[in-house]
S.K.: 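Let me begin by handing over the structure; questions about it come next.
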Amino acid sequence: MTMLSIQNLHVSVADKPIIKGLSLDVPAGEVHAVMGPNGAGKSTLSYTLAGRGGYEATGGSVDYLGEDLLALEPNERASKGVFLSFQYPLEIPGVPALTFVRTALNAQRKARGEGELSAPEFLKLVKQKAKDLRIDFEMLKRPLNVGFSGGEKKRMEVLQMAILEPRLLILDETDSGLDIDALRIVSDGVNALRAPDRAMLVITHYQRLLDYIKPDRVHVLVAGRIVDSGGPELALELERSGYDKYLAEAA
Amino acid sequence: MTAPFAIDLRNAETFPTRRVEDWKWSDLRKFLRAAPEPSPALAVAPGGPFAALGGEEIAFGNGRDSAGASEVGYVARGRETLRLRFVTDASGTGHQARATVEVEAGAALLLLETYEGSGSAYVANAGLSLKLGKGARLTRIVLLDDQADALSISAAEVALSEGAVFEQTVLASGARLQRHETRVAHPGHGASVRLDGLYVLGGERHADLTTVVEHAGVGGETRQLTKGVVSGRARGVFQGRIVVAHGADKTDARMGHHALILSDRAEVDAKPELEIYADDVACAHGNTIGALDENALFYARARGIPEPEARAMLTEAFLGEVLDRIEDERVREFARGWLGARLEALS
């Protein structure tokens with residue numbers, strides 16, 4: 001079953017075309033990597049899928065589980081299972097991490113017509129997931145991401161994934177700013193979420209992350225288009241030869 | 001002894017105009033040209049917003065207490081709570097009252113001061129004289145709940161002795177003109193002052209929080225944090241002045257004012273001032289006025305939180321920092337409830 005189907009997508013930011021005819025299918029149960037050089041449109045793709053203001057789809061379509069994804073508000077996308085893991089997770093002063101996650105979970109449950117989780121149920125859930133990710137529970141009482149290290153912020157992103165249980169995960173440069181130990185913990189957390197009814201789009205510049213999160217398919221994004229697709233071996237090839245070949249073609 | 005009212009409702013010549021520097025953003029004369037008719041007598045039932053916190057109660061109804069006096073004094077000798085209520089139920093009339101509160105050396109008072117206005121287009125004026133003995137502690141919570149078309153003025157003179165602690169949190173929801181003024185004589189020598197404020201303004205409401213702290217002695221500490229949010233066509237005013245006199249060395253004073261503007265037609269005017277005539281002092285002030293962080297807002301929405309809820313969450317978190325500084329848990333919880341209700345009324 002195709003979970004995400006992007007057809008001939010065009011996206012402009014401040015009237016400047018960034019995505020120029022991108023097509024991509026991600027079936028349920030698969031992990032697809034999108035690799036590309038700086039400026040190829042990787043972050044634009046992830047923000048467009050999450051619904052950020054200022055990212056205007058000027059053409060094409062994005063179908064998510066049979067629905068027009070682009071017609072939905074960001075919070076509607078989230079409650080239908082789309083999760084964007086931010087390259088730079090935001091600091092939210094004054095809102096404890098626990099409060100933020102609980103508010104998000106209950107908002108999503110409410111939107112889906114499910115009941116809110118009680119406080120004890122929620123705490124039990126968070127404690128277990130935090131333990132898996134080696135997150136000190138005390139840290140969750142602090143304002144979300146305020147003063148957290150790069151690694152702690154990424155672990156908080158994975159904790160939110162684990163609690164919100166999305167269907168489609170979009171990981172935007174999740175490896176940036178991580179040392180090897182943090183990368184391993186984060187990757188283990190992401191891999192634990194692999195499931196037949198869940199798909200992942202891993203957006204990255206470097207091949208390194210894909211040693212830990214093994215993709216089924218690799219797509220090369222250059223100048224706003226997918227210019228090549230292949231198996232995991234394509235990522236290794238890119239690591240050796242770089243993007244020069246594609247950049248020359250695009251120019 | 002109490003000082004006379006700076007503004008006396010019986011004498012229109014005492015009503016400042018915006019040409020008076022301290023009143024340039026709160027032009028009283030624009031709304032009040034002549035002395036208002038005196039308000040009728042009003043009997044006040046005991047209780048008020050802080051009834052659950054107990055303690056002693058002094059209540060003015062339209063400017064008079066139950067014995068008909070418009071001036072009342074109170075002396076705290078132990079650990080006490082006083083609910084000082086300025087209750088108004090009047091339409092188109094005016095009244096004023098004055099209270100003198102003294103906290104004796106070593107004593108501690110929780111002063112819960114409420115302005116409870118009903119009716120319409122009234123003019124209410126309050127004057128307070130607060131005196132703290134050596135090592136005394138006064139925690140003052142001021143709740144300003146006035147009608148949208150009211151004129152409401154409250155001015156306090158605060159005198160501290162050495163080693164005294166004065167902590168104040170003002171919660172303002174505005175009126176046609178709502179002015180809350182605090183002037184503190186700070187002796188240094190171990191005395192410390194916390195002067196906080198919060199304003200939540202919608203519609204065409206106006207609130208003005210003005211403070212002056214004069215450090216006269218060595219080694220005084222002042223901490224000040226005021227935050228506010230304005231929407232609609234509301235206007236928030238913050239004027240904070242800290243004066244460090246010649247010889248008041250080692251003064252440590254910090255002032256912050258931060259406001260959120262939620263609509264194009266709302267306005268915030270701020271004037272933080274430090275006047276320093278001493279050496280070796282640590283004084284700082286910070287002032288920011290802006291909108292909610294759009295990036296944080298998108299982040300919250302991308303996690304499933306609908307926009308109105310996300311805005312409310314971020315706004316409440318922004319303002320909540322002021323309430324976190326209230327030590328008494330019951331008062332803090334009350335203030336949180338007040339803030340939540342006020343924010344809900346804004347949206």
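A note on names: the letters A, B, ... follow the listed sequences, proteins ahead of strands, and every chain is numbered from 1.
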S.K.: Looking only at heavy atoms, which of residues 41-75 of chain A get nearer than 4.5 Å to chain B?
M.R.: A:Tyr47, A:Ala50, A:Gly51, A:Arg52, A:Glu73, A:Pro74, A:Asn75

S.K.: So for B:Glu309, is it side chain, backbone, both, or neither that comes closer than 4.5 Å to the heavy atoms of chain A?
M.R.: side chain

S.K.: With a 4.0 Å cut-off on N to O distance, would you call B:Arg342 and B:Asp145 a salt bridge?
M.R.: yes

S.K.: With sequence neighbours left out, what residues match B:Ala310 under side-chain contact (heavy atoms from CB on, under 4.5 Å)?
M.R.: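 With sequence neighbours excluded, B:Ala310 shows a side-chain contact (heavy atoms from CB on, under 4.5 Å) to B:Leu297, B:Ala300, B:Arg301, B:Ile305, given in chain and number order.
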
S.K.: Heavy-atom cut-off 4.5 Å, strictly under: side chain, backbone, both or neither for A:Pro166 against chain B?
M.R.: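 Answer is neither: A:Pro166 stays 4.5 Å or more from chain B.
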
S.K.: Where on B:Leu314 is there a heavy atom nearer than 4.5 Å to chain A: the side chain, the backbone, both, or neither?
M.R.: side chain

S.K.: Aromatic rings B:Phe50 and B:Phe334: how do their planes relate, parallel, tilted or perpendicular, breaks at 30° and 60°?
M.R.: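 Rings of B:Phe50 and B:Phe334: tilted, 30 to 60°.
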
S.K.: Among A:Val82, A:Leu90, A:Val95, which residue has the highest count of heavy-atom pairs closer than 4.5 Å to chain B?
M.R.: A:Leu90

S.K.: Between B:Arg223 and B:Asp252, is there a side-chain N and carboxylate O pair less than 4.0 Å apart?
M.R.: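 B:Asp252 and B:Arg223: salt-bridged.
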
S.K.: Sub-3.5 Å donor-acceptor pair from the side chain of B:Gln168 to the main-chain atoms of B:Leu195, do we have one?
M.R.: no

S.K.: Give, as side chain, backbone, both or neither, the part of A:Phe86 having an atom under 4.5 angstrom from any heavy atom of chain B.
M.R.: both

S.K.: Within residues 186-205 of chain A, which residues come under 4.5 Å of chain B, heavy atom to heavy atom?
M.R.: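 Against chain B, none of the residues of residues 186-205 of chain A fall inside the cut-off of heavy atoms under 4.5 Å.
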
S.K.: Taking B:Ser173 for the side chain and B:Leu144 for the main chain, is one N or O donor matched with an acceptor at less than 3.5 Å?
M.R.: yes

S.K.: Side-chain contact, heavy-atom cut-off 4.5 Å: B:Val268 with B:Phe238?
M.R.: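 With C-beta onward as the side chain, the pair stays apart.
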
S.K.: Can we say A:Glu157 and B:Arg303 salt-bridge, meaning some charged N sits less than 4.0 Å from an Asp/Glu carboxylate O?
M.R.: yes

S.K.: Charged N to carboxylate O under 4.0 angstrom, B:Asp269 versus B:Lys271?
M.R.: no

S.K.: Strictly below 4.0 Å, N to O, side chains only: are B:Glu333 and B:Arg336 in salt-bridge contact?
M.R.: yes

S.K.: Ion pair present between B:Glu181 and B:Arg183, side-chain N to carboxylate O less than 4.0 angstrom?
M.R.: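 The answer is yes: the pair qualifies as a salt bridge.
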
S.K.: Quick one: which residues of residues 96-109 of chain A reach chain B at under 4.5 angstrom, heavy atoms only?
M.R.: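 Hits under 4.5 Å: A:Phe100, A:Thr103, A:Ala104, A:Ala107, A:Gln108.
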
S.K.: Between B:Leu110 and B:Val331, is there a side-chain heavy-atom distance shorter than 4.5 Å?
M.R.: yes

S.K.: Answer whether the closest heavy-atom distance between the side chains of B:Asp208 and B:Trp25 falls below 4.5 Å.
M.R.: no

S.K.: Is it the case that over 12 heavy atoms from other parts of the model lie below 6.0 angstrom from the NZ atom of A:Lys80?
M.R.: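 No, not enclosed.
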
S.K.: Would you call B:Arg325 and B:Glu167 a salt bridge, taking side-chain N to carboxylate O under 4.0 Å as the test?
M.R.: no

